[in-house]
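This report refers to the structure that appears directly beneath it.
Keep in mind that what you see is a predicted model, and the values were worked out from it rather than measured. First the proteins, then the strands, lettered A, B, ... as listed; each starts at 1.
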Amino acid sequence: MVYLDNAATSFPKPQTVPEAIVSFMTRVGANPGRSGHYLSVEAERIRYGTREAIGRLFNHADPQRVVFTANVTAALNLVLFGMVQPGDRVVVTGMEHNSVMRPLRFLEGRGVTVTLVETASDGTVDPQDVASTLDTPARLVCTLHASNVIGTVVPIGEISRICRDRGVPYLVDAAQTAGCVPIDLGKDPIDMLAFTGHKGLLGPTGTGGLVLSPSFDEKLIGPLVYGGTGSRSEQEYQPEFLPDRFESGTCNIAGIAGLSAGLDYILTRGLSEIRAHESGLVHQLIAGLEAMEGVTVYGTSDPKKRTAAVSFRIAGIDNGITARRLSEEFDIMCRPGLHCAPRAHKTIGTFPGGTVRLSIGPFNTEADIDAALSAVAAIAGK
Amino acid sequence: MDEYGVILTFSTGHAIRTENVLAKAGIETKLIPVPRHLSSDCGSAVRIKQRDRQKALGILAQNAVSIDRYEPL
């Protein structure tokens with residue numbers, strides 16, 4: 001089996017990830033922050049240590065400003081619904097995922113205005129195009145860091161500086177880049193970074209979060225969920241301090257234990273090494289696909305400007321059939337269609353048919369790419 | 001015999017952060033359940049030696065670690 005659907009969720013995970021989950025559930029098991037007994041404290045140490053590891057990966061100093069959520073969609077919804085009010089304007093790009101577009105389309109019905117920054121057909125965003133939308137007041141700029149469809153990386157550093165100069169909060173959707181592409185919150189003034197745990201960070205599903213910069217006023221975001229936090233139990237009002245303000249209810253601590261192991265793997269192997277490994281395989285894959293007659297590859301071929309999600313089409317063959325044949329005849333896992341991103345497919349000109357996406361992970365090999373190329377060539381030849 | 005005090009924090013997570021920052025600075029700490037006579041909170045607090053109080057509170061302020069308060073035991 002060749003797994004090339006890492007942009008949906010990474011697989012396999014480092015063996016230490018399931019081991020950490022089993023270890024937590026058999027050795028610790030307690031609820032973090034809910035008591036003073038040593039198992040609860042041990043659970044809290046695991047959760048706190050995971051916040052610290054997130055901070056190391058993103059060069060972020062304060063672990064208490066790392067808020068855990070169920071996934072990146074929940075983190076994005078927290079900001080969009082907790083911060084944006086009727087009458088506000090939000091600036092996004094033409095490459096966003098439905099995790100941003102669906103909340104915003106709903107909020108439009110409540111009187112929010114959405115400004116779309118158009119991109120080039122390869123998904124490239126010109127930061128000056130973002131800047132030119134900020135001549136009128138905006139509540140928020142929200143962009144993804146890289147397209148889940150074609151992998152194009154958005155220049156979030158430049159955009160963050162533009163937003164900071166204009167005094168507009170900036171939210172980055174790092175679903176496709178956390179653990180794959182360097183993110184430096186110490187250098188770039190990104191106010192809010194939403195991440196998922198189960199893709200590039202190699203943790204289990206059901207993990208994710210929001211990192212808030214030290215200068216961002218968290219009171220600009222109202223909580224979406226109120227309830228028990230294990231802290232300030234004498235009060236019937238939600239705590240205002242972080243991370244408890246946004247972490248009501250028992251968290252997925254078993255998943256967070258697994259996420260911690262995923263982060264350890266990345267920090268030990270090194271993000272630059274993982275990036276170089278994936279870039280080499282991307283080059284191999286794109287070169288092979290572009291050499292095939294009838295195959296169109298979308299997005300940039302420059303490995304520095306893209307992630308390891310590669311979209312293509314075979315002329316005259318339905319994408320769903322290509323994907324089914326890759327799975328059933330060649331034992332290769334991919335994802336066809338619109339990838340929950342109709343807006344991005346409209347931008348690159350592949351709506352409504354979509355594309356076939358092969359997405360590489362840190363455990364793929366050159367042999368995997370050879371197998372995929374042989375399979376695509378066989379399908380394209382028939 | 002050593003005399004102790006306790007740093008009360010907003011949550012067990014904050015207590016662990018407090019403990020980590022103080023440990024890096026070489027201050028001896030112990031995480032203990034919050035003494036009931038000091039707070040109704042059911043989490044953890046950081047015990048330190050009373051003679052370390054001034055140094056510890058200074059280090060926490062330098063590192064922007066927010067605490068509730070210090071109480072002698």
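When the shell of 6.0 Å around CD of B:E28 is examined, it contains 12 or fewer heavy atoms from other residues, nucleotides or ligands. Counting non-hydrogen atoms of other residues, nucleotides and ligands closer than 6.0 Å to NZ of A:K219 gives a total above 12.
Residues B:P33 and A:G36 share a closest heavy-atom pair of CG-O, 4.0 Å.
Each ring pair (Phe, Tyr, Trp, His ring centres under 6.0 Å) pair with one or both residues in residues 43-81 of chain A, not counting sequence neighbours, appears once here: A:F81-A:F106. The side-chain hydrogen bond (donor to acceptor under 3.5 Å, both in side chains) analysis of residues 64-73 of chain B, with sequence neighbours excluded, yields the pairs A:R232-B:D68, B:R69-B:E71.
Contacts with chain B were tallied for A:G49, A:P63, A:P239, A:A61; A:P63 has the most, counting heavy-atom pairs under 4.5 Å. Contact count versus chain B (heavy atoms, under 4.5 Å) is highest, among A:R47, A:R45, A:E52, A:E234, for A:R45.
For residues 10-18 of chain B, the interface with chain A (any heavy-atom pair closer than 4.5 Å) comprises B:F10, B:S11, B:T12, B:G13, B:H14, B:I16, B:R17, sorted by residue number. Taking non-hydrogen atoms and a 4.5 Å limit, the residue list of residues 244-270 of chain A in contact with chain B, ordered by number, reads A:D244.
Contact annotation for A:R51: neither backbone nor side-chain heavy atoms come within less than 4.5 Å of a heavy atom of chain B.
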